[in-house]
Protein chains: 2
Amino acid sequence: MKNTPEKSKYHHGDLRTTLLTVAGEMLKEGGIEEVSLRKLAARVGVSRTAPYHHFKDKNALLCGIAESGFTQLHQMNKSSFKAEGPSTKEKFSSFIHEYVNFAKANPDLYELMFGRTIWKHENSSKESTQKLRDAAYPCFQYQVAMTREWQQLKLLNHSGEESALRASQVLWGTVHGIAKLLIDGIYTDVAHVEEICDYAVDMFLVH
Amino acid sequence: MKNTPEKSKYHHGDLRTTLLTVAGEMLKEGGIEEVSLRKLAARVGVSRTAPYHHFKDKNALLCGIAESGFTQLHQMNKSSFKAEGPSTKEKFSSFIHEYVNFAKANPDLYELMFGRTIWKHENSSKESTQKLRDAAYPCFQYQVAMTREWQQLKLLNHSGEESALRASQVLWGTVHGIAKLLIDGIYTDVAHVEEICDYAVDMFLVH
DNA sequence: CGCCAAAATATGACGGTGTCAAGATTGATT
DNA sequence: AATCAATCTTGACACCGTCATATTTTGGCG
């Protein structure tokens with residue numbers, strides 16, 4: 001039924017997947033402002049209201065896209081942290097760089113993932129927002145776990161009582177903030193990404 | 001002509017100021033989504049297109065609001081940094097706390113000031129965007145200046161070659177990121193603001 | 001004072017958006 | 001074959017930003 005989605009198109013095929021894919025393309029092409037349900041439907045070749053049978057809201061659709069973004073980000077962190085070659089210190093540096101570069105590579109997706117469009121209030125289907133949280137929360141928890149290890153190895157500069165959660169919030173805040181400022185083109189030049197990340201690493205490591 | 005704007009109302013009074021004020025109120029009340037030119041015009045008591053004689057765009061209006069936000073933020077930083085009582089170390093801590101609390105107190109304004117709505121592309125009147133930059137840029141420069149002093153006093157943890165610009169970008173990134181995550185309600189509880197800020201201060205100071 | 005150009009405001013219209021209600025079509029199940 | 005629920009379409013509504021055009025008001029000048 002849901003398997004073998006190759007030729008088993010009854011009405012349209014499985015619209016849900018197609019909508020997510022194409023909407024993701026539109027997001028990448030023209031930013032969040034270019035993503036409208038009507039244009040999406042036209043591009044897919046269905047009527048304007050067809051998507052409403054697979055997503056309660058436009059918001060629910062956007063949550064679906066963001067969801068895959070968090071899965072992707074989570075995956076990236078894991079494979080980087082579990083790598084065998086580099087030292088722990090190098091992995092810390094990798095985390096900073098890779099995180100910011102992920103945002104740099106997918107600016108509109110990142111903007112969507114962390115924008116208030118999605119996270120504010122409970123606009124759309126509770127189920128959809130719940131699924132989003134189910135994808136995003138483990139992603140953050142993994143960052144706490146990584147931070148805990150860096151902390152136990154005395155890598156991070158700090159004097160008072162240690163808290164992996166607090167340290168993780170600060171670290172995530174830093175990469176998130178750098179990424180946002182970079183993406184939005186506020187005062188940082190994209191060309192200096194690596195330099196800024198290197199400097200951040202140096203400021204956090206104990207000397 | 002532009003002076004004495006008290007009783008010199010010819011058509012409506014000075015609409016421009018009124019529009020900025022009321023739009024700012026609407027922003028504070030219901031977030032950016034509640035700010036529409038039509039509702040704004042209705043609330044002020046003019047026709048829908050009257051605002052277009054004072055702002056080229058909706059974007060230009062938003063830039064005007066954000067502009068005052070940057071002036072406000074700049075002012076806050078200055079008065080805090082120039083205070084006589086506290087030590088430099090305490091001023092550093094104050095900067096972190098006050099910045100994040102500014103965002104916490106005016107979430108929608110802060111979101112607007114740093115959102116891509118305004119900074120992306122050259123949508124609206126160049127003049128408007130230019131005025132915005134003229135308000136925002138000194139604000140950032142002042143943060144670089146503060147950072148330079150902290151750096152020269154050897155307050156900040158760091159090993160390599162010093163750069164006030166890079167350090168400032170990292171610091172701003174951190175407070176900006178914490179503020180954003182907080183505002184958007186992603187994974188941090190607003191109740192923990194002070195704790196998180198304290199922890200950030202501790203991670204940046206040299207021990 | 002009277003007139004005129006310019007600034008300010010208003011009305012109408014256009015294309016775009018998200019979303020609901022109601023009807024039509026299809027696929028699978030009995 | 002008949003039925004039923006899932007799926008899709010059409011029509012409509014209320015918003016939105018913005019342009020073209022007409023109307024009013026103002027300030028300055030002869």
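This is a predicted model, so every value here is computed, not measured. All chains are named by letter (A, B, ...) in the order of the sequence lines, taking the proteins before the strands, and each is independently numbered beginning at 1.
- Salt bridge R166(A)/D202(B): absent, no basic N to carboxylate O contact under 4.0 Å.
- Out of dG11(D), dT17(C), dC16(D), the shortest distance to the side chain of R48(A) is found at dG11(D).
- Per the geometry, NZ belonging to K56(A) stands 18 Å off P belonging to dA6(D), to the nearest Å.
- The side chain of K39(A) lies closest to dT17(C), out of dC8(D), dT19(C), dT17(C).
- Distance, L61(A) CG to dT17(C) P: 15 Å, rounded to whole Å.
- Rounded to whole Å, the distance from OH on Y52(B) to C1' on dA13(C) is 14 Å.
- A ring-centre distance under 6.0 Å is not found for W119(B) and F114(B).
- Atom CG of L15(A) is separated from atom P of dT25(C) by 19 Å (rounded to the nearest Å).
- Proximity of S36(B) to the phosphate of dC16(D): a side-chain N or O atom is located under 4.0 Å from OP1 or OP2.
- Taking atom CZ on F55(B) and atom P on dA8(C), their separation rounds to 12 Å, with Å as the unit.
- Distance from the side chain of V46(B) is smallest for dA10(C) among the nucleotides dG18(C), dC16(D), dA10(C).
- dA7(C) atom P lies 17 Å from atom CG of D14(B), rounded to whole Å.
- The side chain of L37(B) has dT18(D) as its nearest neighbour among dT19(C), dT18(D), dT7(D).
- For R38(A) against dG16(C), no side-chain N or O and base N or O form a donor-acceptor pair under 3.5 Å.
- Each of V35(B) and S47(A) was matched to the nucleotide of DNA chain D holding its nearest heavy atom; the match closer to the 5' end belongs to S47(A).
- Using modelled atom types, one finds no donor on one side chain facing an acceptor on the other under 3.5 Å when comparing N106(B) with E111(B).
- Proximity note for H53(A) (side chain, C-beta onward) versus dT17(C), dT7(D), dT18(D): the nearest is dT7(D).
- What separates CG of L40(B) from P of dC16(D) is a distance of 11 Å, to the nearest Å.
- Residue T49(A) places its side chain closer to dA21(C) than to any other of dA21(C), dT17(C), dT18(D).
- In summary, of the residues considered (Y142(B), F81(B), F102(B)), a ring-ring contact (aromatic ring centres under 6.0 Å, His included) with H74(B) occurs for Y142(B) alone.
- When atom types are taken as modelled, the side chain of E34(B) and the backbone of M26(B) share no donor-acceptor pair closer than 3.5 angstrom.
- Atom CG in L19(A) sits roughly 9 Å away from atom P in dC8(D) (whole-Å rounding).
- Considering only side-chain N and O atoms, H54(A) lies nowhere under 4.0 angstrom from the phosphate OP1 or OP2 of dA6(D).
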